[in-house]
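Okay, structure first, notes after.
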There are 2 protein chains.
Amino acid sequence: MERKPTEVRQEEIRKAVLQIIDSEGLHNLSTRKLAEKVGVTEGALFRHFKSKRDMLLSIIDGVEDVLMKSLQSVAMSDAPSSERLFKFLCVHVQYLIENKGITMLLFSEAAHSNDSELKSRMLNVLNTQKQLAKKIIQDGIAGGEWDSSLQVENVATLYMGIPISLNIELVLNPLGVNTENFCKRMMCLLERALRKTK
Amino acid sequence: MERKPTEVRQEEIRKAVLQIIDSEGLHNLSTRKLAEKVGVTEGALFRHFKSKRDMLLSIIDGVEDVLMKSLQSVAMSDAPSSERLFKFLCVHVQYLIENKGITMLLFSEAAHSNDSELKSRMLNVLNTQKQLAKKIIQDGIAGGEWDSSLQVENVATLYMGIPISLNIELVLNPLGVNTENFCKRMMCLLERALRKTK
DNA sequence: TTGACTCGTAAGTGATTACTTGCTAAGTTA
DNA sequence: TAACTTAGCAAGTAATCACTTACGAGTCAA
């Protein structure tokens with residue numbers, strides 16, 4: 001029976017939640033499995049979070065504090081647009097790789113949660129990601145880097161599929177995905193789509 | 001108490017399963033909700049499928065028989081590659097719009113199911129989609145339509161994100177997505193990425 | 001030393017899960 | 001019409017769900 005301060009256990013629980021979602025899916029996330037993974041009894045979990053829902057909300061807090069702030073600062077920087085877009089994609093993908101359950105949690109809860117606070121916060125994260133991507137693309141077009149006949153909205157829609165493409169890759173090919181180069185390979189295609197028609 | 005032949009009820013049940021997955025997610029698909037939606041008791045469901053698992057397997061049967069066969073025939077046709085790719089995307093997207101729970105079911109079960117038959121069939125569907133897309137792209141490059149410096153694999157990865165981008169759009173913007181033009185808008189960007197660098 | 005506080009356990013709680021049982025009436029065939 | 005099959009119902013089942021309760025043991029300040 002190992003005792004740890006509540007902040008440490010909370011972090012362990014959040015990590016375990018994401019691990020279970022990543023490996024078994026949200027519908028297999030039970031407090032029993034979670035307790036087993038953390039190495040405590042079910043009762044102990046509720047010492048640190050008042051409900052399962054609160055664990056998920058705490059995870060979103062982390063996404064907003066870490067990922068969204070980074071994305072925001074990249075999108076608002078004054079680097080050239082193509083550099084910004086690449087950096088944006090890298091930060092985005094890196095975070096999803098290091099926090100593997102997030103993609104499914106975000107996507108699944110944004111679409112299907114019957115908890116309106118949870119749902120709206122998930123939707124907000126997705127929507128903000130898209131708006132930031134749009135800003136970069138818009139800047140690149142206005143600044144003459146990219147083709148002015150492009151529709152910003154469409155490029156942003158295409159962009160939003162990319163992080164999930166990575167998840168599909170990892171599922172189809174769990175061993176051999178080159179996550180290092182993933183961003184470069186996708187950025188190369190985005191650049192081709194964005195460049196000016198001469 | 002309305003009696004219907006088992007084939008009719010089976011189809012009603014499959015539709016109801018997908019409706020629930022689409023609107024509330026796989027983790028909210030219970031036999032209770034399902035029975036309510038179909039308009040029978042829970043017991044009656046098990047007259048037509050021997051388990052909940054069997055309902056999902058029957059849905060995959062449909063995906064393989066209808067969607068995959070159509071995609072196959074489009075990919076193998078002798079039309080120009082850009083026409084084939086557009087048709088491929090249209091057939092793909094059209095099916096997902098008409099069977100709205102499929103995307104989440106495919107994606108979620110392929111990644112997370114602990115049922116190995118279910119999982120491998122879902123993976124097979126995703127993998128086949130990607131392989132067919134690769135064939136079209138490869139043909140277009142070999143035939144001189146598209147740029148020979150492109151990596152087929154990367155374009156196919158990008159392609160696989162597009163149907164899910166549609167889902168994200170529908171979630172972010174449940175009323176106002178122009179699904180009519182979605183394929184055209186995405187195809188336009190794909191064409192830009194694929195065209196030759198002069 | 002005592003008393004408060006914190007983090008843990010074991011053993012519950014009622015609700016919900018997928019699924020089964022025993023029965024009945026409608027439809028079909030002999 | 002009688003016999004059989006099919007598709008429905010109401011009322012169960014054990015298992016699992018998220019969560020609670022009552023209690024104990026370590027830490028630390030007064």
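Every chain is numbered from 1, with letters handed out A, B, ... down the list of sequences.
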Nearest-angstrom distance from the residue atom [atom1] of [X] to [atom2] of [N]:
{"X": "A:Glu42", "N": "C:dG12", "atom1": "CD", "atom2": "P", "value": "15 Å"}
{"X": "A:Glu12", "N": "C:dC7", "atom1": "CD", "atom2": "P", "value": "13 Å"}
{"X": "B:Leu26", "N": "C:dT17", "atom1": "CG", "atom2": "P", "value": "13 Å"}
{"X": "A:Arg32", "N": "C:dA11", "atom1": "CZ", "atom2": "P", "value": "15 Å"}
{"X": "B:Lys4", "N": "D:dC9", "atom1": "NZ", "atom2": "C1'", "value": "17 Å"}
{"X": "B:Glu2", "N": "C:dA26", "atom1": "CD", "atom2": "C1'", "value": "12 Å"}
{"X": "A:Ile20", "N": "D:dC17", "atom1": "CD1", "atom2": "P", "value": "11 Å"}
{"X": "A:Arg53", "N": "D:dA18", "atom1": "CZ", "atom2": "P", "value": "15 Å"}

Please classify the nucleic acid contact of [X] as base, sugar-phosphate, or nothing, using heavy-atom distances under 4.0 Å.
{"X": "A:Leu34", "result": "nothing"}
{"X": "A:Ser30", "result": "sugar-phosphate"}
{"X": "A:Ala44", "result": "base"}

C:dA18 phosphate, OP1 or OP2, under 4.0 Å from B:Thr31 side-chain N/O: yes
Side-chain N,O (B:His48) to OP1/OP2 (D:dG8) below 4.0 Å: yes
Parallel, tilted or perpendicular, as decided by the 30° and 60° cut-offs, for the rings of A:Phe107 and B:Phe107: perpendicular
Proximity to the side chain of B:Arg3 - top-ranked nucleotide from D:dA18, D:dT6, C:dC7: D:dT6
Out of D:dG8, D:dC23, D:dA18, whichever nucleotide has its closest atom nearest the side chain of A:Arg47: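 Ranking D:dG8, D:dC23, D:dA18 by closest atom to the A:Arg47 side chain puts D:dC23 first.
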Residues A:Glu42 and A:Arg47 bridged, charged N to O under 4.0 Å: no
Salt-bridge present (B:Asp115, B:Arg121; N to O < 4.0 Å):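 Between B:Arg121 and B:Asp115 there is no salt bridge, as every charged N stays at least 4.0 Å from the carboxylate O atoms.
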Donor-acceptor pair between B:Thr157 and A:Arg185 side chains, under 3.5 angstrom: no
Residue pairs passing the side chain to side chain donor-acceptor pair (under 3.5 Å) test where at least one lies in residues 132-143 of chain A, sequence neighbours excluded: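 Listed by first then second residue: A:Arg84-A:Asp139, A:Lys134-A:Glu153, A:Lys135-A:Asp139.
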